[in-house]
Amino acid sequence: MNQAIPWFTSMESWKPYLAMVVVQSIYAGMALFSKLAISGGMNHFVFVVYRQALASVVLAPFAYFLERKEAHAMTVTIFCKVFLVASIGISLSMNLYYVAMKYTSATLAATTPNAIPACTFLLTILLRMERLNMRYLHGQAKVAGTVICIGGAIILSSYKGPPLITLNHYHSFHAASLPTTPKKEWAKGVFLMLTSNAGWSLWLVLQVPLIKSYPSKLTLTTLQCFLSALQSAVVAFAVDRRASSWKLNWDLNLISVVYCGVVVTGVTHWLQLWCIEKKGPVFTAMFHPVTLLITAIFSVILWNEWIYLGSVIGGLLIVGGLYGVLWGKNKEDKVPHKDRLPIPSEAKGTP
């Protein structure tokens, strides 16, 4: 009986890691489904509205029945904070993401989010939310791991190398069915995608004070989805007022909307809020490289793409860098609080 307790404790400690692997696997599916839907002609602004609205409808009953007895008071101040965070971190970030998706590929959509960990890490340092102590090994590991992750992503996206293997017998979708993009539009797409990632990094960081103000995570997720749907609807109607743009048929577009609205927005946002509360925003952001690896694998299977040497090298660097950061974060969590480098706000005694 005594041996079961450490095992159970160990399993509990692994839950945030497993949750983030699930989240990034879902995001890989989002990149694949979204690219196919938008390349098929669906308006990207309308896509965001449907996605967020559907997520709100699905999450609302769960938020009501599961958290109504422990619901916290929603003040005007908290509502304004939620509105602002939803507009920057979800509405702006998501709309830029899908605009960029029009000019780029699913693989790039999964590649550029690898800048999120570095951006999130920098924001937490600037906002005095994260400790950085280079005198200790765990601090050096976090910095080195972040640099290695970014280096792996750069290699993966810029260097192909000789082809190694392909899966020609899988032919569900063909790469030629996706239109090629001129270099100028591709550069525009990369810029918009990176801007979208910066907005998402800010969303991750802002969730920490937001959860402290309103701890009902499921209700908070539902409200952010609902507000982002309204905000995105205003943008969509301003850009495209054609009724045909809002029509959904029983095709891949509908499947993509349902997947992104129910599974991606509904499930991943709640899981990320839970992980942010348990481990912090940097821990959550550091799992984004996993999406790239999964997307590359399924791109080979679905679109008959080759596996290149650069992909293998970049993938190994990403995994190695990810392990380094997680190792450093794990070691830092085990350091007694009195031996840690204090956050400046704590040192000054501010709340």
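Numbering starts at 1 and runs along the sequence shown. Because the structure is a prediction, the values reported are computed rather than measured.
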Can you measure from [atom1] ([X]) to [atom2] ([Y]) and round to the nearest 0.5 angstrom?
{"X": "Asn95", "Y": "Ser228", "atom1": "CG", "atom2": "OG", "result": "9.0 Å"}
{"X": "Ile88", "Y": "Phe83", "atom1": "CD1", "atom2": "CZ", "result": "10.5 Å"}
{"X": "Leu202", "Y": "Asn197", "atom1": "CG", "atom2": "CG", "result": "12.5 Å"}
{"X": "Arg51", "Y": "Cys225", "atom1": "CZ", "atom2": "SG", "result": "8.5 Å"}
{"X": "Ser245", "Y": "Asp240", "atom1": "OG", "atom2": "CG", "result": "3.5 Å"}
{"X": "Ser256", "Y": "Met30", "atom1": "OG", "atom2": "CE", "result": "11.5 Å"}

Evaluate the side-chain proximity of [Y] to [X]: yes if any heavy-atom separation is below 4.5 Å, no if none is.
{"X": "Val22", "Y": "Leu18", "value": "no"}
{"X": "Leu59", "Y": "Thr221", "value": "yes"}
{"X": "Leu248", "Y": "Tyr50", "value": "yes"}
{"X": "Gln52", "Y": "Met94", "value": "yes"}
{"X": "Val48", "Y": "His44", "value": "no"}
{"X": "Leu206", "Y": "Leu210", "value": "no"}
{"X": "Val49", "Y": "Phe237", "value": "no"}

Report the hydrophobic cluster partners of Tyr64, with the cluster defined as I, L, V, M, F, W, Y residues connected by side-chain heavy atoms closer than 4.5 angstrom, directly or transitively.
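Its cluster mates, by chain and number, are Phe65.
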Shortest non-hydrogen contact from [X] to [Y]?
{"X": "Val257", "Y": "Leu54", "answer": "O-CD2, 3.9 Å"}
{"X": "Ser196", "Y": "Leu96", "answer": "CB-CB, 3.9 Å"}
{"X": "Ser25", "Y": "Ile294", "answer": "OG-CD1, 3.3 Å"}
{"X": "Ala19", "Y": "Trp274", "answer": "CB-CZ3, 4.2 Å"}
{"X": "Leu252", "Y": "Ala37", "answer": "CD2-N, 4.5 Å"}
{"X": "Val99", "Y": "Leu192", "answer": "CG1-CD1, 3.6 Å"}

For the backbone of [Y] and the side chain of [X], can you confirm whether one donor and one acceptor N or O come within less than 3.5 Å of each other?
{"X": "Glu67", "Y": "Leu218", "result": "yes"}
{"X": "Gln231", "Y": "Ser91", "result": "no"}
{"X": "Tyr259", "Y": "Ser34", "result": "no"}

So which of Tyr98, Trp246, Phe33 actually passes ring-ring contact (aromatic ring centres under 6.0 Å, His included) with Phe47?
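Exactly one option meets the ring-ring contact (aromatic ring centres under 6.0 Å, His included) with Phe47, and it is Tyr98.
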Below 30° counts as parallel, above 60° as perpendicular, anything between as tilted: where do the rings of Trp14 and Tyr17 land?
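Answer is tilted, since the angle falls between 30° and 60°.
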Mind running side-chain contact (heavy atoms from CB on, under 4.5 Å) on Phe79 and Leu223 for me, showing each step along the way?
CA-CA 9 Å; Phe79 181 83; Leu223 182 59; 4.3 Å; yes
Look at the side-chain heavy atoms of Ile, Leu, Val, Met, Phe, Trp and Tyr, link any pair under 4.5 Å apart, and say whether [X] and [Y] land in one connected group.
{"X": "Val57", "Y": "Leu220", "value": "no"}
{"X": "Leu84", "Y": "Trp200", "value": "yes"}
{"X": "Val76", "Y": "Met74", "value": "no"}
{"X": "Val234", "Y": "Leu92", "value": "no"}

Counting neighbours of CZ on Phe226 that are heavy atoms of other residues, nucleotides or ligands and sit closer than 6.0 Å, is the number greater than 12?
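12 or below, so no.
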Heavy atoms of other groups near Arg241 CZ, more than 12 under 6.0 Å:
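Atom CZ in Arg241 is not crowded, with 12 or fewer foreign heavy atoms closer than 6.0 Å.
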Among Glu277, Gln272, Gln224, which one satisfies side chain to side chain donor-acceptor pair (under 3.5 Å) with Gln207?
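So, applying the side chain to side chain donor-acceptor pair (under 3.5 Å) to Gln207 and each of Glu277, Gln272, Gln224, only Gln224 qualifies.
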Indicate whether the side chain of Thr222 and that of Ser56 have a donor and an acceptor atom separated by less than 3.5 Å.
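There is no such pair (donor and acceptor under 3.5 Å, judged by atom type) between the side chains of Thr222 and Ser56.
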